[in-house]
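Starting from 1, each residue takes its place in the sequence as its number.
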Amino acid sequence: NFYTVTVYNKGAEVVRMIHTLIGAELFRKGMDLYFERHDGQAVTCDDFVAAMADASGRDLEQFTRWYSQAGTPVLTMGQSWTENGELTLTLKQHTPETPDHTEKQPFHMPVLVGFMDPEGKDMVDALDTEYEKRGKSLLLELTENEQSFKFSGLPCNPTVSLLRSFSAPVKVEYERDLHNNTVQLASDSDIFKRWDASLSLSQ
């Protein structure tokens with residue numbers, strides 16, 4: 001299993017998820033600590049994650065399931081909108097059975113989302129929210145099989161831009177209509193989501 005996409009592609013994506021979760025500044029501190037501790041040594045994935053956790057002060061124990069649990073998670077999204085301007089996103093994760101495991105535990109998954117008005121303009125900057133802002137997106141952390149995230153103060157029912165920057169290596173399944181795909185293709189500030197919308201429209 002040394003020379004497969006599981007090692008190289010998934011390995012790189014898992015490291016990138018840590019960068020997304022803790023941010024660029026703390027990731028750099030984690031790298032400095034990692035080299036300080038382990039320069040010249042034979043080390044493990046656990047050593048790397050431990051350095052990131054210690055440098056950032058974050059609990060990454062659940063995150064290590066990305067290294068120990070096989071399978072590609074499936075991410076689904078449901079959304080509801082109320083007349084008083086409250087949006088609820090319900091995110092679910094499910095990992096299909098693999099030969100070595102039948103019962104899968106939830107991953108610690110970073111999910112970057114954006115909200116766009118009918119003209120395709122980002123609305124995250126106008127939100128007063130508890131969730132961390134990353135540029136024109138919000139960072140949601142999915143740690144359960146199902147979680148709901150609520151947002152208030154939006155001026156209109158938005159087009160939701162889910163999994164910006166491909167923030168987690170998962171399969172995404174949710175209903176997409178022509179309007180939402182068209183808005184994302186034409187105006188989404190995230191280049192990955194523009195590509196994703198074009199792929200969806202072509203199918």
Side-chain angles (χ1 to χ4, degrees), residues 13 16-27 56-59 62-63 73-95 106-203:
E13 290 297 331
R16 190 167 68 92
M17 278 191 290
I18 297 177
H19 183 279
T20 300
L21 282 170
I22 67 176
E25 183 178 347
L26 291 175
F27 185 85
S56 65
R58 293 290 305 273
D59 182 356
Q62 182 182 352
F63 183 85
V74 177
L75 177 67
T76 62
M77 180 188 74
Q79 66 184 89
S80 63
W81 170 260
T82 63
E83 293 299 328
N84 62 0
E86 183 175 86
L87 173 72
T88 300
L89 296 185
T90 300
L91 301 181
K92 299 179 182 179
Q93 59 170 305
H94 166 71
T95 304
F107 289 98
H108 184 178
M109 186 184 301
V111 181
L112 287 173
V113 297
F115 305 129
M116 296 182 293
D117 68 16
E119 297 179 354
K121 296 179 181 178
D122 283 298
M123 296 191 289
V124 163
D125 287 342
L127 282 177
D128 182 14
T129 176
E130 63 183 291
Y131 304 110
E132 184 178 352
K133 294 181 181 180
R134 295 288 182 85
K136 298 181 182 299
S137 305
L138 293 179
L139 174 63
L140 308 181
E141 297 190 28
L142 182 61
T143 57
E144 306 293 336
N145 287 322
E146 179 176 340
Q147 284 175 247
S148 292
F149 303 86
K150 294 185 177 182
F151 311 89
S152 58
L154 291 165
C156 61
N157 190 3
T159 293
V160 179
S161 181
L162 179 68
L163 205 70
R164 281 183 164 178
S165 300
F166 195 55
S167 57
V170 301
K171 296 178 180 178
V172 177
E173 296 179 357
Y174 67 99
E175 292 186 10
R176 313 185 192 196
D177 61 33
L178 178 61
H179 171 73
N180 285 8
N181 275 329
T182 302
V183 170
Q184 287 187 269
L185 177 60
S187 306
D188 203 307
S189 58
D190 186 83
I191 190 171
F192 168 74
K193 294 307 300 180
R194 292 205 302 272
W195 171 84
D196 186 54
S198 69
L199 185 65
S200 181
L201 284 167
S202 69
Q203 294 176 342

How far apart are the closest heavy atoms of Ser148 and Thr90, and which atoms are they? OG-OG1, 3.1 Å
Do Pro158 and Leu87 have side chains that get closer than 4.5 Å, going by heavy atoms? yes
State whether the side chain of Asp122 and the backbone N or O of Val124 hold a donor-acceptor pair below 3.5 Å, judged by distance alone. no
Approximate separation, where rounding is to 0.5 Å, of Met77 CE and Glu173 CD: 13.0 Å
Would you check if Arg164 and Asp188 make a side-chain contact, meaning some heavy-atom pair closer than 4.5 Å? yes
Look at the aromatic rings of Tyr131 and Phe151 and report parallel, tilted or perpendicular, splitting at 30° and 60°. tilted
Could you state the interatomic distance from CG (Leu112) to OG (Ser161), rounded to the nearest 0.5 Å? 9.5 Å
Atom of Gln93, atom of Thr143 and distance for their closest heavy-atom approach: NE2-C, 4.1 Å
Is it the case that more than 12 heavy atoms not belonging to Asp128 sit under 6.0 Å from its CG atom? no
Please round to the nearest 0.5 Å and tell me the distance separating atom CZ of Arg16 and atom OG of Ser165. 7.0 Å
Side-chain touch Phe107/Val170, heavy atoms, less than 4.5 angstrom: no
Under the criterion side-chain contact (heavy atoms from CB on, under 4.5 Å), I'd like the reasoning laid out for His108 against Leu21: C-alpha separation, chi angles, the key distance, then a yes or no. CA-CA 10 Å; His108 184 178; Leu21 282 170; 3.7 Å; yes
Rounding to 0.5 Å, atoms CG (Leu140) and OG1 (Thr129) come to a distance of 8.0 Å
Lys193 and Asp196 have their tightest heavy-atom pair at NZ-OD2, 3.0 Å
Any donor-acceptor pair under 3.5 Å linking the side chain of Lys92 with the backbone of Gly78? no
Kindly give the heavy-atom pair with the smallest separation between Leu75 and Met109, and that separation in Å. CD1-SD, 4.2 Å
Between Leu127 and Phe115, is the side-chain contact (heavy atoms from CB on, under 4.5 Å) condition met? List the steps. CA-CA 10 Å; Leu127 282 177; Phe115 305 129; 3.8 Å; yes
Can any side-chain N or O of Ser56 pair as donor or acceptor with the backbone N or O of Leu26 at less than 3.5 Å? no
CE of Met17 to CZ of Phe166, rounded to nearest 0.5 Å, is 9.0 Å
Counting neighbours of NZ on Lys121 that are heavy atoms of other residues, nucleotides or ligands and sit closer than 6.0 Å, is the number greater than 12? no
Inter-residue atom distance Leu91.CG - Leu162.CG, 0.5 Å rounding: 6.5 Å
Yes or no on side-chain contact (heavy atoms from CB on, under 4.5 Å) for His94 and Thr76, after CA distance, side-chain angles and deciding distance? CA-CA 9 Å; His94 166 71; Thr76 62; over 6 Å; no
Can you name the nearest heavy-atom pair linking Leu185 to Ser198, along with the distance? CD1-CB, 3.7 Å
Close side-chain approach of Gln62 to Pro106, heavy-atom, < 4.5 Å: yes
Are any non-hydrogen side-chain atoms of Leu154 and Trp81 less than 4.5 angstrom apart? yes
For a quick test of reading the model, state the closest non-hydrogen atom pair linking Val183 to Gly120 and the distance between them. CG1-CA, 3.8 Å
